[in-house]
Number of protein chains: 2
Amino acid sequence: MTTTDIVNRLRIWAADGSKAERRLAEIILSDIEYASRAPIADLALRAGVSEPTVTRFCRSLGCEGVREFKFKLAQVLAIGGLYLFPEPLVRDERDARVVDAVADGAAAAIQRARDTTDMSTVNAVAEMAVNAGQICVFGSGGVSSLGAVEMQNRLFRLGLSVVAHTDGQMQRMQSAVCDKKSLVFAISASGQATSIIESVRVARQYGARTVAITNPGSDLAKEAEVCLPFVIAPDTQLYKPTAGRYSLLFIIDLIAMTTAEMIGPSVLEGLRRIRISLSGLNMSDPGRPVGD
Amino acid sequence: MTTTDIVNRLRIWAADGSKAERRLAEIILSDIEYASRAPIADLALRAGVSEPTVTRFCRSLGCEGVREFKFKLAQVLAIGGLYLFPEPLVRDERDARVVDAVADGAAAAIQRARDTTDMSTVNAVAEMAVNAGQICVFGSGGVSSLGAVEMQNRLFRLGLSVVAHTDGQMQRMQSAVCDKKSLVFAISASGQATSIIESVRVARQYGARTVAITNPGSDLAKEAEVCLPFVIAPDTQLYKPTAGRYSLLFIIDLIAMTTAEMIGPSVLEGLRRIRISLSGLNMSDPGRPVGD
DNA sequence: AGGCAAAATGTAAAAAAGCAACATAAAATT
DNA sequence: AATTTTATGTTGCTTTTTTACATTTTGCCT
């Protein structure tokens with residue numbers, strides 16, 4: 001998969017595109033809600049370009065035409081929320097640099113995860129999760145322990161029995177009481193965390209199924225039954241935020257979502273209604289921004 | 001105002017509507033993906049009705065026209081989950097959709113945080129952090145508590161004295177021992193979490209400086225000295241990718257990075273020590289692994 | 001049953017939106 | 001400066017949606 005999401009592509013075009021493309025991208029980004037509903041004539045007028053330019057722009061963004069472009073924008077709005085940007089913030093160069101650095105890093109991390117994550121593996125993992133009697137999530141270190149807790153959080157909401165351990169001793173103890181019905185998620189960016197490697201080995205001895213979210217070449221990856229690649233690019237600046245967090249979050253989102261879908265429509269139908277009613281999607285008041 | 005989403009209304013029509021409406025509703029429900037993209041001529045043909053009937057049908061469903069109807073269908077597809085798809089749909093397509101949904105949502109959330117976060121506020125907050133004697137981070141709820149821990153993680157690495165509490169009682173206790181040198185970060189998606197609001201109030205009474213990362217209109221926002229906008233509807237994240245997570249992470253990244261830059265080179269020394277201490281522990285002491 | 005109003009649906013033509021083909025302008029390259 | 005390439009605009013055509021009106025169906029009353 002080499003595709004980027006539209007928002008990202010729009011941003012790229014807003015920076016790198018030609019004159020007309022830049023103006024268009026800016027107009028669209030500044031008000032996605034509007035852009036997703038307006039006819040291209042309006043859009044063209046606002047951006048000061050001609051209508052076919054809009055069509056061409058959509059195509060160069062990877063869409064089949066304007067319709068598909070709007071379709072995707074609508075979906076972005078649905079998931080990301082309805083946001084209006086009345087007055088774009090003006091920043092000085094220094095501030096913009098920081099914001100861009102972080103945002104670009106985050107976007108790149110998600111992109112990377114998106115490109116390297118194999119959905120058939122995710123599906124297999126989700127199936128394990130659905131059939132597991134008990135799910136244990138092990139993670140340690142800044143990013144990975146955060147991921148472990150997050151995974152617990154997500155799966156717990158689906159009614160699954162799940163526990164996360166970020167402490168090495170607890171991980172060992174937990175793995176010692178695993179059985180054939182157990183599923184172990186082992187999260188480690190390095191894939192070298194000893195307590196996690198050992199916990200996986202022990203859990204496996206007791207018949208548990210094991211999934212590693214880690215560096216594919218690492219010891220942990222070898223130890224586990226299944227591996228979902230999670231690689232953190234080494235950061236040049238030490239104090240710079242580790243964009244890898246976003247990758248991990250993304251992978252966890254994928255697993256949680258796939259698992260949710262697999263659990264079954266009956267449960268989800270209710271949840272979907274709740275969400276939609278809360279999100280105000282059904283409201284005929286499009287100007288109102290809603291959160292996500 | 002309608003209280004049900006389109007899919008529900010479609011189901012109602014499929015059961016109660018007139019002949020043509022029933023057929024239409026069935027066709028649409030049987031393949032929402034198709035219906036959301038196909039021209040009404042196709043739809044009309046499939047359902048064996050005339051084109052204006054489709055338009056009228058959309059109107060009676062509360063939409064302004066066919067376009068808006070399709071717009072909403074697109075959003076339902078993004079939000080509502082894959083079980084809305086007809087069975088014969090290929091696996092790959094479903095997979096691609098999950099990935100797209102999560103990635104697009106994440107990207108949109110980051111994009112939005114990027115555009116709405118005011119760097120002058122972040123700079124001010126960073127300066128508070130640098131000058132604080134003690135930093136407390138309070139958060140509760142899935143996303144916010146995660147954010148609190150993450151904030152602790154990040155600021156700790158910069159050599160700052162920081163503690164995170166996700167427990168209401170601990171938050172109160174902590175706030176009771178705040179003083180003029182204290183800085184409190186209060187993270188809450190809703191901005192209504194009572195323990196956090198009260199903790200902020202108490203801490204402020206003792207002279208602490210307070211920063212809320214929350215819904216700008218909320219009680220918490222009013223209580224705190226500074227507010228960084230972070231909006232997320234509380235209960236919508238039942239099973240869907242909560243794009244808001246990415247926003248929060250992004251905001252935290254900005255704060256941490258800005259703070260780091262403000263502290264300057266001395267930060268690097270602290271980080272270097274952490275890294276050394278971790279690499280030493282990594283292999284030799286399995287009880288305290290690192291996985292960063 | 002037959003007839004009549006009301007609702008539902010269909011037909012055909014107009015309006016709107018999107019697009020393709022070609023023309024022109026800008027830019028890069030030589 | 002000439003030439004090629006690329007980007008953008010103009011015009012008119014196609015598809016899609018909608019309006020206005022005609023026709024059919026349905027339910028109801030005598």
### Query
Does the ring of A:Phe250 carry A:Arg114 above it, NZ/CZ under 6.0 angstrom from centre and within 45° of its axis?
no
### Donor-acceptor pair, side chain of A:Glu21 and main chain of A:Trp13, under 3.5 angstrom
no
### Query
Hey, what's the ring geometry for A:Phe57 with A:Phe69, parallel, tilted or perpendicular (30° and 60° as the breaks)?
perpendicular
### Summary
Between CZ of A:Phe57 and C1' of C:dC19 the distance, given in whole Å, is 17 Å
### Message
Classify B:Arg56 by what it touches in the nucleic acid, base, sugar-phosphate, or nothing, heavy-atom distance under 4.0 Å.
### Response
base
### Query
Taking atom types as modelled and ignoring hydrogens, do the side chains of B:Asp118 and B:Thr121 form a donor-acceptor contact shorter than 3.5 angstrom?
yes
### Residue-phosphate contact under 4.0 Å: B:Thr53 side-chain N/O, C:dT9 OP1/OP2
no
### Query
Contact class for A:Arg59 (heavy atom, under 4.0 Å): base, sugar-phosphate, or nothing?
sugar-phosphate
### Query
Would you say the side-chain atoms of B:Ser144 pair up with the backbone N or O of B:Ala189, donor to acceptor, closer than 3.5 Å?
yes
### Contacting residues from residues 37-52 of chain B, given that a heavy atom lies under 4.0 angstrom of DNA chain C
B:Gly48, B:Val49, B:Ser50, B:Pro52
### Row check, A:Phe230 ring normal vs A:Arg112 NZ/CZ: under 6.0 Å, within 45°
no
### Message
Reading DNA chain D in the 5' to 3' direction, which nucleotide is the first one with an atom under 4.0 Å from a heavy atom of chain B, and which is the last?
### Response
D:dT16 to D:dT26
### Task
Say whether, by atom type as modelled, one donor and one acceptor occur between the side chain of B:Lys70 and the main chain of A:Phe71 under 3.5 angstrom.
no
### Message
In whole Å, I'd like the distance from the CZ atom of B:Arg67 to the P atom of C:dA15.
### Response
16 Å
### Query
Is there a donor-acceptor pair closer than 3.5 Å between any side-chain N or O of B:Arg154 and the backbone N or O of B:Ile252?
no
